[in-house]
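Step one of this worksheet: look at the structure below.
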Protein chains: 2
Amino acid sequence: MFSKATEYALRATIYIAQKSSEEKKLSIEEIALAIDSPKSFTAKILQVLTKDNKIVSSVRGPNGGFYLTEKAKKMPARLILQAMGEDEVLEKCVLGLKQCSELQPCPMHAQYKAIKQQLIKLFVTKSIKQLATEIKDGVVFIK
Amino acid sequence: MFSKATEYALRATIYIAQKSSEEKKLSIEEIALAIDSPKSFTAKILQVLTKDNKIVSSVRGPNGGFYLTEKAKKMPARLILQAMGEDEVLEKCVLGLKQCSELQPCPMHAQYKAIKQQLIKLFVTKSIKQLATEIKDGVVFIK
DNA sequence: ATAATAGAAGATAAATTTGTCTTTAATTAT
DNA sequence: ATAATTAAAGACAAATTTATCTTCTATTAT
């Protein structure tokens, strides 16, 4: 469904949301280990999410690392897709038609429409924080 | 969601199903034009679907081309995904976790589960023929 | 100030996907 | 038989994705 990069982005952000605060930052080592992703590649991805502190925040140097502000934790998961430039996946035609729409539907449009709506709803209504909260109780896993 | 190759595979197969029979075969030129796909790349993809005549049938030489048998037209769309080696997409975890399951769910598992089931249902219950039938009436488009 | 730490930035490389082109093989019509 | 047609097969190339490594910069502790 999504690229590896976006999968790592989602997992990393959810993990950081669960473990970090402005006081407690996480190193790239810890994050990559926790979500089972290649370290350097994950660093690159976090650079994207950190750009303009849009989603993830970071500071360099000793005691530095990555964290999410309370404001960021309230953001919908869809913002991560947007930051990764993969938001379109949610809206795209299953058959890859450029012109697929209500007026000019592909053969799967009618049925896929409902699925698409639920997908979008999932990423819009679930905040990063909501996705993160159950991890520490072992209800849910990120690795 | 799917690779370009699989998108072309679905579109091409649906188009062939709608236009062809054992008596009337379609050239790769016609198919690629009809579904707006690169000709040579589409030829490669049809080679895969034609392998062992599993889904698409073909004959070489004058008046040759691609077609679908009545039996093939009755097959579920999911077989195309399988032939393309992309069937796993339907079952895969949204976050890309290898171990995501009921017992060890990812943070999106509970919500995504229902979506996944509908996706699978769509590809299992819809036959290639069913997807193809509305094209000629202009109810539905493939380009 | 200096050294140590940790992310940012950039270069590079490996792997995969997407796409093209040429040659070969099968089939048909003449 | 021969020529024409059309898909099959294979080599190759371009683009994108995934991944690594090195150097630079900011920050902190001493």
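Other residues, nucleotides and ligands contribute at most 12 non-hydrogen atoms within 6.0 Å of the NZ atom of Lys39(A). Counting non-hydrogen atoms of neighbouring residues, nucleotides and ligands closer than 6.0 angstrom, the CD atom of Glu22(B) exceeds 12 such neighbours.
Checking dG7(C), dA9(D), dA8(D) against every side-chain atom of Ser58(B), the shortest atom distance belongs to dA8(D). The side chain of Arg60(B) approaches dA25(C) more closely than any other nucleotide in the set dA4(C), dA25(C), dG19(C).
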Assess whether side chain to side chain donor-acceptor pair (under 3.5 Å) is satisfied between Thr50(B) and Ser58(B), documenting all intermediate values. CA-CA 7 Å; Thr50(B) 306; Ser58(B) 70; 4.5 Å; no
Stepwise, does the side chain to side chain contact (heavy atoms under 4.5 Å, CB included) test hold for Ile14(B) with Leu95(A)? CA-CA 10 Å; Ile14(B) 292 170; Leu95(A) 300 187; 4.1 Å; yes
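Dashed line: the shortest gap from a side-chain N or O of Tyr8(A) to OP1 or OP2 of dA19(D) is under 4.0 Å. Listed pair Asn63(A) / dA29(D) meets the phosphate criterion, a side-chain N or O lying under 4.0 Å from OP1 or OP2.
Note: CG (Leu49(A)) to P (dA9(C)) measures 13 Å, nearest angstrom. Protein atom NZ of Lys51(A) is 9 Å distant from nucleotide atom C1' of dA8(C), rounded to whole Å. Rounded to an integer number of Å, the gap from CD1 of Ile45(A) to P of dG10(C) is 18 Å.
Side-chain atoms of Lys44(A) and base atoms of dG10(C) include a donor and an acceptor less than 3.5 Å apart. Residue Gln47(B) places no side-chain atom within donor-acceptor reach of the base of dA7(D), judged by atom type and a 3.5 Å distance cut-off alone.
With the nearest nucleotide of DNA chain D identified for both Phe2(A) and Pro62(A), Phe2(A) has the one nearer the 5' end. Of the residues near DNA chain C, Ser3(B) and Phe66(A), the one whose nearest nucleotide (by heavy atom distance) lies more toward the 5' end is Phe66(A).
A salt bridge does not link Lys126(A) with Glu134(A): none of the charged nitrogens is closer than 4.0 Å to a carboxylate oxygen.
Within the structure, salt bridge (charged side-chain N to carboxylate O under 4.0 Å, His left out) pairs that include any residue of residues 108-120 of chain A comprise Glu102(A)-Lys113(A) (at least two apart or interchain).
DNA chain D lies under 4.0 Å from at least one heavy atom of each of the following residues of residues 17-43 of chain B: Leu26(B), Ser27(B), Ile28(B).
Separation of the Phe2(A) and Phe123(A) ring centroids falls under the 6.0 Å cut-off.
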